[in-house]
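In what follows, a structure is listed as structure tokens, so that the remarks can point back to it.
The sequence lines fix the lettering, A, B, ..., with proteins before strands; numbering per chain opens at 1. Bear in mind that the values here come from a model prediction, so they are computed numbers and not experimental data. For the numbers below, each heavy atom of this structure counts, side chains included, while hydrogens, waters and symmetry mates do not.
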2 protein chains.
Amino acid sequence: MNDPLPAAPMPDTIANDLALAIHEHRLMPGTKLSEEELGEIYGVSRTIIRAALQRLAHDRLVELKRNRGAYVAQPTVREAREVFEARALLEPRTARSAAERITEDDLAALQRHIDEEHAAIDDGEAGRALFLSGQFHLEIARIADQATITEFITQLVARSSLIIALYWHRRGALCESHAHHALMRAFAERDADLAEELMKNHLLDLLSSLDLRNRTSAPASLREALGA
Amino acid sequence: MNDPLPAAPMPDTIANDLALAIHEHRLMPGTKLSEEELGEIYGVSRTIIRAALQRLAHDRLVELKRNRGAYVAQPTVREAREVFEARALLEPRTARSAAERITEDDLAALQRHIDEEHAAIDDGEAGRALFLSGQFHLEIARIADQATITEFITQLVARSSLIIALYWHRRGALCESHAHHALMRAFAERDADLAEELMKNHLLDLLSSLDLRNRTSAPASLREALGA
DNA sequence: CCGATTCGGATTGTATACAATGTTGTGTCG
DNA sequence: CGACACAACATTGTATACAATCCGAATCGG
């Protein structure tokens, strides 16, 4: 009798699917996204695919080159810095708000996220672990109950995934787990100051774990071409 | 011999044109944007129009209702608050950065913006004055040289214009002029602390000049139907 | 032998045609 | 007379066909 969900439109479904693949590093930066090929994969016409690609391009996950097609974006060094500066501006204050408002249910949900992340790491599913790591940040934004800021963070987290694909250096496995656990404790104790500070440092750590010396965006596509 | 500009694609041109009309309050919230009608106006097929509308929808300037068409967005009270909270998070720090980096040329450009704004006010072009007022904020973000954050602010400023259309209360004419002038002085003196503080207060003033007591978004469309 | 040029294939950009859905007006039944 | 049901219309959603553009390879000329 009731259809509260109007059934997600096709283009958004596909866009989300592609975004997930990008987030999990199954689609690497520079990969060409042919309209016809995607159309066959999803069993729809290019019309739908184009809409999905346009949406992803707006989120900077895909770069649309006129008359040349769509490619998984390759953020520049500068863009990488800017994304993390924007996150540093938004997320610590968001973590503070979340700590002030968090409920027991929220805490449980966050803990589940962390557990899932660990499970993915143990199973060797690095891509999925990275995605869940991003979801942890998003969950915090959601708890802060600021939809507009949450959307910005969503976009920044997704772009961070691309940046990590291109510039990740440290190979430490549980690099983030520690930071997320510390945040969890701060939330559990409703320590807003601590949560804000931990998030700030966490983002600085993330940034410093990247190798942002140079990269003209050419090497990445070359590696793609040669590797696969 | 040289075409450095690949000629803006048609959809973006139209999207910008519509965004400008919305920003200048020539298109009011709730206005229906028929695909065929727009197609005739711009002399293109619905394909192009749909792409433009999709882009505007992503920026929250247009609301796409499935199988029902596109309408100029009507931000809710909550959305209005969130937009200004996001601005309060981003713009003061951005103003600080701008103050630290600003050049003489930038100062001159900012002054021109203010002068244009005054000219528009004097000419009774309220819509254009509002647009230019937004451009002032954007120019500051541009000076801060953070493209990513600038994009966020661009979107927030545009949405603010919709919010003002729906919730503006104070009818004071030069409400903003004073604040912008004060900011100019802070920039001229490279006083980063002052610039940050002034921007923070300016945004609080803006927010407090709105009447955000209630409005379920239905009244707005009703007034639309009855008033005009 | 090397470089510029042109032709062919492939891919995207746009328009149009058709299908699906929502809305509105009318007619009938209670 | 009012409410419900149905049908005609209008608008959007999707697929397909055609045009424009770009890339690469083969060819021609130096």
Can any side-chain N or O of H113(B) pair as donor or acceptor with the backbone N or O of H137(B) at less than 3.5 Å?
no

Do Q146(B) and E85(A) have side-chain N/O donor and acceptor atoms under 3.5 Å apart?
yes

First of A70(B) and V44(A) reached from the 5' end of DNA chain D, by closest nucleotide:
A70(B)

Give me the one residue out of E91(B), R87(B), H180(B) that meets side-chain contact (heavy atoms from CB on, under 4.5 Å) with H202(B).
H180(B)

Given atom CD of E35(A) and atom P of dC22(D), what is their separation to the nearest angstrom?
16 Å

Rounded to the Å, how far apart are N67(A) CG and dT21(D) P?
7 Å

Quick test of your reading: applying salt bridge (Lys or Arg N to Asp or Glu O under 4.0 Å), list the pairs with at least one residue in residues 111-136 of chain B, sequence neighbours left out, ordered by first then second residue.
E24(B)-R128(B)

Outermost nucleotides of DNA chain C that come under 4.0 Å of a non-hydrogen atom of chain B:
dT14(C) to dT23(C)

Want to settle it: does T47(A) or R68(A) sit nearer the 5' end of DNA chain D, counting the closest nucleotide to each?
T47(A)

For the pair made of CG in L33(B) and P in dT11(D), what is the distance, rounded to whole Å?
14 Å

Run the ring-centre check on F131(B) versus H23(B) and record whether the distance is less than 6.0 Å.
yes

How long is the line joining CD1 of I48(B) and P of dA19(D), in whole Å?
16 Å

I'd like to know if the side chain of D106(A) pairs up with that of T103(A) as donor and acceptor (distance under 3.5 Å, no hydrogens or angles considered).
yes

Between dA20(D) atom C1' and R66(A) atom CZ, what is the distance in whole Å?
10 Å

